[in-house]
2 protein chains.
Amino acid sequence: MPATIRDVARACGVHISTVSRTFSAPHLVNPETRGRVLACAEHLGYRPNKAARALITGRTHNIGLMVADIANPFFPPLIKAAESQARHRDYHIFVTDTNEDPSVEEELVHALAKQVDGVLLCSPRMSNSLIEQLSREVPLVVINRQVTGLPAVVMDVGQGARLAIEHLTGLGHREIALLSGPRGSWTSREIRRAAGAAARAAEATLTVLGPNPPTEDGGQSMADQVRRAEVTAVLAYNDLMAIGLIEGLDALGIRVPQDISVVGIDDISLSRLTRPKLTTVATPTAAAGRTAVDMLLQHGDDRRTTAQVTLQTELVIRDSTSPGPHCPAGPGSTAAAALEGVAS
Amino acid sequence: MPATIRDVARACGVHISTVSRTFSAPHLVNPETRGRVLACAEHLGYRPNKAARALITGRTHNIGLMVADIANPFFPPLIKAAESQARHRDYHIFVTDTNEDPSVEEELVHALAKQVDGVLLCSPRMSNSLIEQLSREVPLVVINRQVTGLPAVVMDVGQGARLAIEHLTGLGHREIALLSGPRGSWTSREIRRAAGAAARAAEATLTVLGPNPPTEDGGQSMADQVRRAEVTAVLAYNDLMAIGLIEGLDALGIRVPQDISVVGIDDISLSRLTRPKLTTVATPTAAAGRTAVDMLLQHGDDRRTTAQVTLQTELVIRDSTSPGPHCPAGPGSTAAAALEGVAS
DNA sequence: CTGAAAGCGCTAACAA
DNA sequence: TTGTTAGCGCTTTCAG
């Protein structure tokens with residue numbers, strides 16, 4: 001039904017290749033002819049068929065971005081940054097949501113494969129071997145995960161987890177729980193590894209509770225187990241879980257940070273709005289989105305560039321942590337004051 | 001680089017059409033041959049090129065979904081519902097974010113055009129005439145807007161706004177402000193129209209403040225103007241603005257609901273978490289997502305079906321509204337108690 | 001059941 | 001500067 005290049009050529013009395021050039025290499029066609037072609041095209045409502053063009057050029061100028069859960073406020077800043085970076089480079093981003101489901105992830109890579117020039121895999125849950133296999137079908141950049149041989153941009157949650165644990169032990173906490181994330185999450189493994197090491201170094205006990213769905217409900221429903229674990233502080237896999245946990249504890253009559261300190265990871269905007277405001281590890285999500293787009297696009301020019309970029313994280317101390325039973329400055333002081341006590 | 005249908009045919013000693021059939025019409029090929037083809041394909045890592053297939057069949061089995069702002073928590077439930085509905089019908093959803101920018105919207109429709117079988121336009125900001133024009137390029141279903149000749153699913157925010165105003169006037173409020181939404185928003189116009197009518201019917205004054213960006217910041221920065229408007233109640237274009245406004249008022253020392261009542265629209269999950277919990281108009285976002293997918297897909301079979309579906313909204317009374325100065329039950333009673341007073 | 005041939009809408013050498 | 005030709009990877013008649 002829509003007009004094709006041939007319709008325009010006919011209506012205009014030129015060959016189809018002239019029409020083609022008018023749109024893909026205008027400088028190669030006589031200005032006068034170009035004007036006529038453009039007029040005919042306009043008149044017929046002609047639009048180049050991007051799919052057909054891609055079939056021959058191999059370039060769609062689209063990028064796929066797969067996220068684990070579009071409802072998680074962690075992702076939008078990353079998506080927005082990727083979009084803006086892509087737009088600068090004359091590309092468009094197609095976002096897909098995998099529902100935290102590995103099999104959906106695979107299906108979606110296939111669906112995206114020839115509609116985009118590459119896919120950004122954000123926090124994928126599938127196996128390394130599957131990712132490697134899929135990377136033969138379409139260029140891949142992995143975010144929040146390391147897969148040998150594939151370009152990746154990771155946020156250093158290990159370092160973040162270490163900072164969080166050091167913050168807690170510095171406040172005098174010795175019994176700490178870790179609410180781990182979903183099965184298959186590289187980030188969750190990193191956090192666990194680094195938090196474990198940091199706890200050991202400070203001679204604190206780390207109790208791992210999980211795996212858990214990385215959602216508010218996931219955190220909320222762990223409140224009871226946290227209470228039974230008899231810890232004085234908790235590090236959660238992400239802010240959503242931390243916020244859910246705080247609500248759950250609240251329902252149990254346990255106060256944060258007076259009774260239990262809670263630290264999240266991500267620094268989503270919501271963590272500034274809750275009461276208490278959440279102490280958390282800020283991850284550079286926007287930078288990650290931008291970097292991933294850049295890596296994908298330069299990867300096309302230069303096949304050997306499979307660098308793995310690591311972005312730093314930082315601890316943001318707010319109101320959900322306070323001194324524990326073994327605090328050198330004594331309980332009752334604020335988190336900040338306690339820190340100073342430790343530092344001196 | 002990736003294997004094509006021809007590679008498989010050669011490796012297998014059959015014609016390419018046999019390979020084609022093996023994947024697109026397996027019942028038409030001898031089980032034995034089929035097995036051999038499948039084995040070769042597997043071995044070569046062959047995957048049918050969906051773009052090439054689409055070029056000839058005209059079907060991509062993908063659906064585009066354009067939202068105004070992916071960071072707005074209003075959209076994820078709609079997106080999730082659309083995805084799940086699409087998956088049931090063997091389709092995939094590609095989400096794009098327009099950043100509330102009409103020109104980006106147009107660009108994205110073109111980018112999606114031949115990569116998807118249709119586009120769901122969610123709260124588009126562009127002009128009706130442009131939407132109509134784009135609908136000749138790719139099948140469109142409009143959500144939260146009415147465009148003559150195009151299938152649409154709208155949530156009845158007009159009715160919702162009326163309920164909200166009636167709730168406020170029932171509580172004795174006579175000076176009400178409306179924080180309107182962004183320019184170009186059909187929803188905002190509907191709200192304004194309906195709220196205006198409802199206020200008139202109740203002999204209340206409605207002061208329209210706006211247009212505003214439909215974000216938390218948009219609401220927060222209006223706090224001062226709301227104060228100067230000397231109203232006792234506010235209806236906001238959406239929950240995000242309502243929540244932002246409450247924060248802004250809080251910073252000004254104005255208490256909600258004691259000093260000013262605030263009502264939002266959407267019932268995003270966040271509105272249950274804030275203090276005070278937000279009174280709001282619940283919109284059936286999930287149903288809208290599902291319905292839009294259904295309409296797009298059946299629209300293919302049956303060209304004349306350009307129905308416009310309207311989904312009902314309902315008022316959810318929480319803690320951000322309380323009796324105003326003219327309340328029949330007298331100020332100081334709770335919203336619920338006041339309502340009973342009105343009913344009797 | 002399988003092969004041959006045409007063609008989806010477009011681009012890219014190569015000639016003219 | 002323009003037309004000619006070949007073909008991207010696939011599906012789909014139509015014969016055999």
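Just so it is clear: chains get the letters A, B, ... in the order the sequence lines come, proteins before strands, and each one is counted from 1.
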note = What one should report as the nearest heavy-atom pair of A:Val104 and A:Asp97 is CG1-O, 4.2 Å
ask   = At under 4.0 Å between heavy atoms, what does A:Arg47 touch on the DNA or RNA strands: base, sugar-phosphate, or nothing?
value = sugar-phosphate
key: Interatomic spacing from CG in A:Leu150 to CG in A:Leu121 - rounded to 0.5 Å   = 9.0 Å
inquiry  = Applying side chain to side chain contact (heavy atoms under 4.5 Å, CB included) to A:Ile143 and A:Val154, what does each step give before you reach the verdict?
reply    = CA-CA 6 Å; A:Ile143 302 175; A:Val154 303; over 6 Å; no
task = Would you please say whether a donor-acceptor pair under 3.5 Å links the side chains of B:Asp294 and B:Gln85?
result = yes
key: Residue mapping more 5' on DNA chain C - nearest nucleotide basis, B:Leu28 or B:Ala52   = B:Leu28
query = Whole Å only: how far is the CG atom of A:Leu55 from the C1' atom of C:dC8?
reply = 9 Å
note = Looking only at heavy atoms, the pair that brings A:Leu140 and A:Pro151 closest together is O-CG, 3.3 Å
request  = Would you kindly give the CZ-to-P distance between A:Arg53 and C:dC8, to the nearest whole Å?
outcome  = 18 Å
request  = Mind listing the closest non-hydrogen atom pair of B:Met66 and B:Thr98 along with its distance?
outcome  = CE-CG2, 3.4 Å
task = Find the bend of the helix from C:dC1-D:dG16 to C:dA16-D:dT1 as the angle between its two terminal axes (five pairs each), to the nearest 10°.
result = 40°
note = Students should find that the nucleotides of DNA chain D closing off the region near chain B, any atom under 4.0 angstrom from a heavy atom, are D:dC8 to D:dT13
task = For the pair A:Glu105 (side chain) and A:Arg125 (backbone), establish whether a donor and an acceptor sit closer than 3.5 Å, ignoring hydrogens and angles.
result = yes
ask   = Any side-chain heavy atom of A:Pro182 within less than 4.5 Å of one from A:Pro214?
value = yes
For nucleotides 12-14 of chain C, list the nitrogen or oxygen atoms of the protein found under 3.5 Å from its nitrogen or oxygen atoms, one pair per line.
unit_1 : atom_1 : unit_2  : atom_2 : d
C:dA13 : N6     : A:Arg21 : NH2    : 3.3

ask   = Within the structure shown, what part of the strands sits under 4.0 Å from A:Tyr46 by heavy-atom distance: base, sugar-phosphate, or nothing?
value = sugar-phosphate
request  = Measure from CZ on A:Phe23 to P on C:dG9 and round the result to the nearest Å.
outcome  = 16 Å
key: Exam field: side chain A:His61 to backbone A:Asp90, donor-acceptor pair closer than 3.5 Å   = yes
query = Expressed in angstrom and rounded to an integer, what is the separation of B:Ile5 atom CD1 from C:dA5 atom C1'?
reply = 15 Å
note = Here the distance between atom C1' of C:dA5 and atom CZ of B:Arg6, to the nearest Å, is 12 Å
query = Hey, mind stepping through B:Leu112 and B:Thr96 against side chain to side chain contact (heavy atoms under 4.5 Å, CB included) and telling me if it holds?
reply = CA-CA 9 Å; B:Leu112 282 166; B:Thr96 59; 4.0 Å; yes
inquiry  = Under a 3.5 Å distance rule, please check whether B:Arg183 uses its side chain to pair with a backbone N or O of B:Pro211 as donor and acceptor.
reply    = no
